[in-house]
Amino acid sequence: MADNYRLGVLAGDGIGPEIVPAAVQVLDAAVAAAGGAPIEWVPLPVGADAIETHGSALPPITLETLEQLDGWLLGPHDSASYPDEHRVQLNPSGFLRKHFDLFANIRPAKAFEGTPALVPGLDLVVVRENTEGFYADRSTYRGTGEYMPTPDVAIAMGIFTRPAIERIARQAFELASRRSRHLTIVHKANVLRLTTGFFRDICREIAAEYPDVRVDDFHIDAMTVHLVRHGADFDVLVTENMFGDILSDLAGELAGSLGIAPSINASSDHAMAQAAHGSAPDIAGRNLANPTAMIASGAMLLDWLGNRRDDPIARQAAVLVEQGLRATVARGIRTADLGGTAGTSEFATAVADGLR
C-alpha cells in the first residue's frame, strides 16, 4: 500500500476472539492480493481478559497505544458479565467512541444474493450520530448523564447541539452524493420538537449545500414500518444516536442476519471497525459465529484509510474483501445464520483462499 499501516487488534469478549482473527486473516489476504505492504497488527488488551490481567476493561496501555495507530478492529464486549465495579462504568466501545470523538457511526445493511433476506434487494446505510442524543453516557463531560434525584425517580438527558448535528449531516450527505443521491432524515419531531426537531431542521439546512441529493424525512416509528414493507426504496438514513442503533439492528436483520451487519466509527483522525452485533456468549467458543460483519467492518476501515490518505491500494483491498465475501456466499459456503453449515474458521479461510 502507499503506507505501511499499523492497526490495533482488540479481540473483546464472547465470539470476539473468533471473529476478529477471522477478519485479520481475510484483510491480510486482500491487502496481499491488491499488491500492498503487509499490515502491522498490534494486539491490545480489552474486555474481561483485560480486567483479569490489567484490572481494567480498557487499560491505559491500550488507550495510549491506540493514539499512535492508524485505526483498529474492536471485537464485541460482554460488559453485562463484568464485575459490578466495572459494569457501572462506560463499556469499552462507548468509552472509545467518546474518548476519540468518533462521531460518525456508519452502518450499511446489504442483502446477500441467494440468502433468506427478509427484504430482498435491501442496500442502505444508516448514518448514526455517535456522541450525543439519547445515549446519556456519551452526553456529558463527567458522569454518565443518568441520575436519580430520589429513589423513585430516574432521569436521563438527551443532548443535541448544532455543531454535532451539522457534522453528522455533512457526513451523511457526502455519502448519499456517492451513492443514489437519496437521503432520509429520521426523527420524532411531532413529540420531541426541541430536540429531534432541532436535528431534523439542521439537516434540512445542510441539504441546501447538496442540491443534487433528494431529501425526505420520517418519524422513527413510521420508519420501522417503511423498512419492513419496502426497505429497498431507501438509500442513506441519518439520525441521532439511539434511533440509529435501533434502526441499524433492524436493517441488518432485514438484510438477512445481524451476522452480516458491519460498521465503522470515525472522526476526522481516528477510525474503529466494529461489527454491529453483540458478543453472543451463548455460541462463544463453538466456531459457529458468522465473521462476515467483522470482516466487512475491517474492509470499511481499509476504505476509510484509503480515502483519508488517497491510497488506491487500500481502497482496492476493501473492494476485494466485499467481493470475496459475496463470492464465498454465492458458492454456498455459509454459516448457520445464513442457512449453511460452515464454521467461523472455515468460512474465513474460504474467503481468504478465494482472494489468494
Side-chain angles (χ1 to χ4, degrees), residues 13 47-48 51 56-58 63 74 76-105 107 126-169 171-172 185-205 217-225 237-251 263 265 267 272 274 276-279:
D13 306 316
I51 291 174
S56 170
L58 200 58
L63 287 175
L74 175 66
H77 57 76
D78 183 19
S79 53
S81 68
Y82 295 172
D84 288 345
E85 64 270 27
H86 298 279
R87 191 165 59 245
V88 297
Q89 300 174 14
L90 259 178
N91 63 52
S93 171
F95 189 93
L96 289 170
R97 295 178 190 194
K98 186 172 182 178
H99 179 80
F100 289 102
D101 195 28
L102 304 177
F103 68 88
N105 186 200
R107 292 187 165 187
V126 176
V127 178
R128 170 191 177 199
E129 203 292 314
N130 220 10
T131 63
E132 296 184 342
F134 288 108
Y135 272 4
D137 59 2
R138 306 189 194 154
S139 298
T140 60
Y141 171 71
R142 181 173 297 171
T144 66
E146 289 186 310
Y147 59 99
M148 295 185 70
T150 78
D152 300 315
V153 177
I155 299 173
M157 294 185 293
I159 307 296
F160 294 77
T161 66
R162 175 175 288 276
I165 299 169
E166 286 181 344
R167 66 181 182 179
I168 198 63
Q171 286 277 321
I185 308 162
V186 183
H187 57 87
K188 190 61 177 170
N190 60 328
V191 176
L192 301 168
R193 298 182 181 89
L194 295 181
T195 51
T196 70
F198 191 48
F199 186 97
R200 179 203 58 191
D201 293 346
I202 292 174
C203 287
R204 286 175 173 173
E205 290 176 15
D217 66 272
F218 293 97
H219 298 145
I220 176 64
D221 46 348
M223 193 69 228
T224 60
V225 177
L237 314 180
V238 63
T239 190
E240 65 88 36
N241 208 333
M242 185 172 67
F243 295 167
D245 196 8
I246 295 168
L247 285 178
S248 57
D249 276 10
L250 172 62
S263 80
N265 304 269
S267 67
M272 173 173 77
Q274 180 186 24
H277 59 69
S279 62

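Across A57 and H86, no two heavy atoms sit closer than the pair N-ND1, 4.4 Å. Nearest heavy-atom pair across Q274 and S93 is NE2-OG, 3.0 Å. In terms of heavy-atom proximity, L102 sits nearest to N130 at O-ND2, 2.9 Å. Scanning both residues, V238 and C203, for their nearest heavy atoms gives CG1-SG, 4.2 Å.
The closest side-chain donor-acceptor pair between Y135 and D245 falls under 3.5 angstrom. E129 and T239 form no side-chain donor-acceptor contact under 3.5 Å, judged by distance and modelled atom types alone. No side-chain N or O of E240 forms a donor-acceptor pair with one of T196 less than 3.5 Å apart.
In this structure the side chain of I185 never reaches within 4.5 angstrom of the side chain of L237, judged on heavy atoms. Under the 4.5 Å side-chain criterion, counting only non-hydrogen atoms from C-beta, I220 is not in contact with H187. In this structure, the side chains of L63 and L96 come closer than 4.5 Å at one or more pairs of heavy atoms. Between Y82 and H77, some side-chain heavy-atom pair lies under the 4.5 Å cut-off. Taking 4.5 Å as the limit, every side-chain heavy atom of I51 sits out of range of all side-chain heavy atoms of S56. Inter-residue side-chain proximity for F134 and N241 is flagged as unmet; no heavy-atom pair is nearer than 4.5 Å. Looking at heavy atoms from C-beta onward, F218 lies out of side-chain contact with V186 at the 4.5 angstrom threshold. Inter-residue side-chain proximity for I155 and P149 is flagged as met; some heavy-atom pair is nearer than 4.5 Å.
Interatomic distance, CD1 of I165 versus CZ of R200, reported as 11.5 Å (0.5 Å rounding). The structure places CZ of F160 at 7.5 Å from CZ of F199, a figure rounded to the nearest 0.5 Å. Within the model, atoms CD1 of I202 and CZ of R162 stand 4.0 Å from one another, a figure rounded to the nearest 0.5 Å. Put simply, CE on M272 and CZ on F100 are 9.5 Å apart, with the number rounded to the nearest 0.5 Å. Going from atom OG of S263 over to atom CG of N105 covers 4.5 Å, rounded to the nearest 0.5 Å. In this structure, CG on N190 lies 3.5 Å from NE2 on H219, to the nearest 0.5 angstrom.
Taking the centre and axis of the six-membered ring of F243, the NZ or CZ atom of R128 falls outside the cone set by 45° and 6.0 Å.
A donor-acceptor pair under 3.5 Å links the side-chain atoms of Q89 to the main chain of E85, judged by distance alone.
Only one option out of N265, T131, N91 pairs with R97 in a side-chain hydrogen bond (donor to acceptor under 3.5 Å, both in side chains); it is N265.
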Item to check | L58 vs H99, side-chain contact (heavy atoms from CB on, under 4.5 Å): CA-CA, chis, key distance, verdict | outcome: CA-CA 12 Å; L58 200 58; H99 179 80; over 6 Å; no

Next on the checklist: Working note: D201 + R193, criterion salt bridge (charged side-chain N to carboxylate O under 4.0 Å, His left out); need CA distance, chi angles, decisive distance, verdict.
Outcome noted: CA-CA 10 Å; D201 293 346; R193 298 182 181 89; over 6 Å; no

Checklist entry - Can you check side-chain contact (heavy atoms from CB on, under 4.5 Å) on S81 and D13, steps first, answer last? => result CA-CA 10 Å; S81 68; D13 306 316; 5.8 Å; no

